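Here is the structure we will look at.
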Amino acid sequence: MGLPVASIPAWASVSAIVLFTALSAFSGPADAQRRERAGKEVVDAACGACHLSGKDGAPRIGDAAAWATRTGQGLTMLTEHALKGIRKMPAHGGSTGVSDLELQRAIVYMVNNSGGRWVEPAAMRTSTLTSEAIVQQQCAACHQSGKDGAPKIGDRAAWTPRFAKGLDRLVASAVHGHGGMPARGGMPGLERDEIRHATLYMFNYGLPAVTPPPPAPAPDPHHKLVSGLDVYFGMMRAEALRSQGAKAGGTKLSIPSGRGYYHLNISVEDNRTRAPVTDAQVTMQVSDGMTVETKTLERLAANNAVSYGNFFKFTSGNSYNITTEIRRAGMPSPVTANFEFKAP
């Protein structure tokens with residue numbers, strides 16, 4: 001039977017939904033994507049603090065007799081002891097940043113360096129439980145009714161203060177146990193990611209799904225809006241123009257000989273009125289960082305349209321910055337539009 005849908009209180013209309021949106025970013029498989037450390041790395045970073053010296057009765061690495069009585073219990077039992085804590089060792093070995101897989105690898109490393117021949121786990125198990133199933137099978141026993149002060153499922157007012165110190169700390173609290181809640185909610189086999197997702201499920205329950213906004217369209221590299229002017233940039237190989245009879249629109253062109261030439265073309269419109277700009281003086285500077293070529297663009301008229309263009313030579317493989325400067329009578333300063341081009 002599914003959980004009842006919780007109503008959204010008025011206060012949640014902004015604050016809770018904003019928090020939900022932020023927390024949703026943490027619900028993905030970010031932890032699963034990080035590199036899981038080998039057993040030796042975990043021992044060097046955490047376990048060795050006690051197991052290298054035998055502090056507080058911890059079996060010392062290399063002490064075959066001390067480990068022999070423990071290896072007979074098997075990796076599953078030793079892992080459960082490490083997860084829950086045993087004698088003076090705190091839950092999870094006192095290291096909240098160590099994953100379950102890393103903890104198992106550390107145990108295997110210590111066993112193998114104390115006379116054992118275990119195989120280090122290669123990958124974490126694949127869970128067959130969804131967040132909803134975990135909550136319904138285990139967490140709901142307390143979180144459905146709020147037993148022993150547990151925040152109820154879907155009660156954002158109760159959950160929000162618990163998230164104040166960060167999701168990672170809340171998950172660590174669930175891993176180790178807190179108040180009346182046992183370690184890992186009483187399911188020792190739960191992975192940290194499963195606890196994370198179950199926690200988010202209980203917080204988000206009853207909130208409407210948040211649909212991310214559609215991605216913004218990629219900017220057109222051949223169009224710039226500058227100071228109220230729409231500036232459009234185009235170019236054509238000189239060879240293509242020769243095949244068309246040396247014309248751009250209806251204007252006869254004087255095409256330079258040789259390879260690598262392109263006819264660069266600019267058209268300009270008033271963004272508010274959509275009227276073409278036909279009275280501009282346009283210059284263009286083409287540079288690959290080593291050389292600079294500057295030319296005035298010729299006014300080209302065809303089919304009631306006006307544009308400005310000229311020929312420039314490009315070297316294959318080079319990247320160019322193209323700076324266009326547009327001057328008009330009555331304008332206090334020129335309008336500059338920048339474009340980029342990499343010669344094939």
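Side-chain atoms are counted along with the backbone in the values below, which use heavy atoms only and exclude waters and symmetry mates. Worth saying up front: this structure is predicted, and the values here are computed from it rather than measured.
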Legend entry - pair Arg162-Pro151: side-chain heavy atoms closer than 4.5 Å: yes
Legend entry - Side chain proximity check, Met202 to Asp155, heavy atoms < 4.5 angstrom: no
Legend entry - Nearest heavy atoms of Phe311 and Pro256, plus distance in Å: CG-CD, 3.5 Å
Legend entry - Any residue meeting side chain to side chain donor-acceptor pair (under 3.5 Å) with Asp230, in chain and number order, not counting sequence neighbours: His223, Asn271, Arg274
Legend entry - Linked, directly or transitively: Phe312 and Met235 (ILVMFWY side chains, under 4.5 Å): yes
Legend entry - Asp288: side chain to side chain donor-acceptor pair (under 3.5 Å) partners, not counting sequence neighbours: Thr291, Asn318
Legend entry - Heavy-atom side-chain proximity of Tyr320 to Glu293 below 4.5 angstrom: no
Legend entry - Selection residues 138-160 - residue pairs positive for ring-ring contact (aromatic ring centres under 6.0 Å, His included), sequence neighbours left out: His143-Trp159
Legend entry - Test side chain to side chain donor-acceptor pair (under 3.5 Å) applied to His222 - qualifying residues, sequence neighbours left out: none
Inset, instruction - Just jot down the salt bridge (charged side-chain N to carboxylate O under 4.0 Å, His left out) partners of Lys55, sequence neighbours excluded, or say none. - result: none
Legend entry - Gln281 atom CD: more than 12 heavy-atom contacts under 6.0 Å: no
Inset, instruction - Give a yes or no on whether the backbone of Ala64 and the side-chain of Ser114 come within a donor-acceptor separation of less than 3.5 Å. - result: no
Legend entry - Residues which pass side chain to side chain contact (heavy atoms under 4.5 Å, CB included) with Ala66, listed by chain and number, not counting sequence neighbours: Pro59, Asp63, Arg70
Legend entry - Any pair counted as salt bridge (charged side-chain N to carboxylate O under 4.0 Å, His left out), so long as it reaches residues 141-152, sequence neighbours left out: none
Inset, instruction - Return each pair, listed once, that meets salt bridge (charged side-chain N to carboxylate O under 4.0 Å, His left out) where at least one residue sits in residues 319-338; pairs must be two or more places apart or across chains. - result: Asp279-Arg328, Glu325-Arg327
Legend entry - Atom of Gly260, atom of Glu239 and distance for their closest heavy-atom approach: N-OE2, 4.4 Å
Legend entry - Residue pairs, two or more places apart or on separate chains, that pass side chain to side chain donor-acceptor pair (under 3.5 Å) and touch residues 305-316: Asn265-Ser307
Legend entry - Side chains of Tyr201 and Thr130 in contact at under 4.5 Å (non-hydrogen atoms): no
Legend entry - Which residues share a side chain to side chain donor-acceptor pair (under 3.5 Å) with Tyr262, sequence neighbours left out: Arg237
Inset, instruction - Please test Val286 against Phe314 for side chain to side chain contact (heavy atoms under 4.5 Å, CB included), starting from the C-alpha separation and ending with a verdict. - result: CA-CA 9 Å; Val286 176; Phe314 295 86; 3.7 Å; yes
Legend entry - Step-by-step side chain to side chain contact (heavy atoms under 4.5 Å, CB included) determination, Phe203 to Leu170: CA-CA 12 Å; Phe203 174 80; Leu170 186 59; over 6 Å; no
Inset, instruction - With sequence neighbours excluded, tell me which residues meet side chain to side chain contact (heavy atoms under 4.5 Å, CB included) with Ala198. - result: Ile134, Val135
Inset, instruction - Report yes if some heavy atom in the side chain of His263 is under 4.5 Å from a heavy atom in the side chain of Leu300; otherwise report no. - result: yes
Legend entry - For Gly228 against Leu225, the heavy-atom pair lying closest together: C-CD1, 4.1 Å
Inset, instruction - Using modelled atom types only, decide if a donor and an acceptor are shared between the side chain of Glu102 and the backbone of Val42 within a distance under 3.5 Å. - result: no
Legend entry - Check: Val43 and Met110 side chains under 4.5 Å, non-hydrogen atoms: yes
Legend entry - Shared hydrophobic cluster, Ile153 / Met181 (ILVMFWY, side-chain heavy atoms < 4.5 Å): no
Inset, instruction - Verify the neighbour count for atom NZ of Lys224: are there more than 12 heavy atoms of other residues, nucleotides or ligands below 6.0 Å? - result: yes
Legend entry - Close side-chain approach of Leu167 to Leu200, heavy-atom, < 4.5 Å: yes
Inset, instruction - Enumerate the residue pairs fulfilling side chain to side chain donor-acceptor pair (under 3.5 Å) with a member in residues 329-344, sequence neighbours excluded, ordered by first and then second residue. - result: Thr323-Asn338
Inset, instruction - Return yes if some donor-acceptor pair links the side-chain N/O of Thr199 with the main-chain N/O of Ile195 below 3.5 Å, else return no. - result: yes
Legend entry - Expected output: side-chain Arg299 to main-chain Thr278 donor-acceptor under 3.5 Å: yes
Inset, instruction - Please test Tyr261 against Leu241 for side chain to side chain contact (heavy atoms under 4.5 Å, CB included), starting from the C-alpha separation and ending with a verdict. - result: CA-CA 10 Å; Tyr261 283 96; Leu241 287 171; over 6 Å; no
Inset, instruction - For the residue pair Phe233 and Phe339, categorise the inter-ring angle as parallel (less than 30°), tilted (30 to 60°) or perpendicular (more than 60°). - result: parallel
Legend entry - Shortest non-hydrogen contact between Pro344 and Phe341, atoms and distance: CD-CZ, 3.8 Å
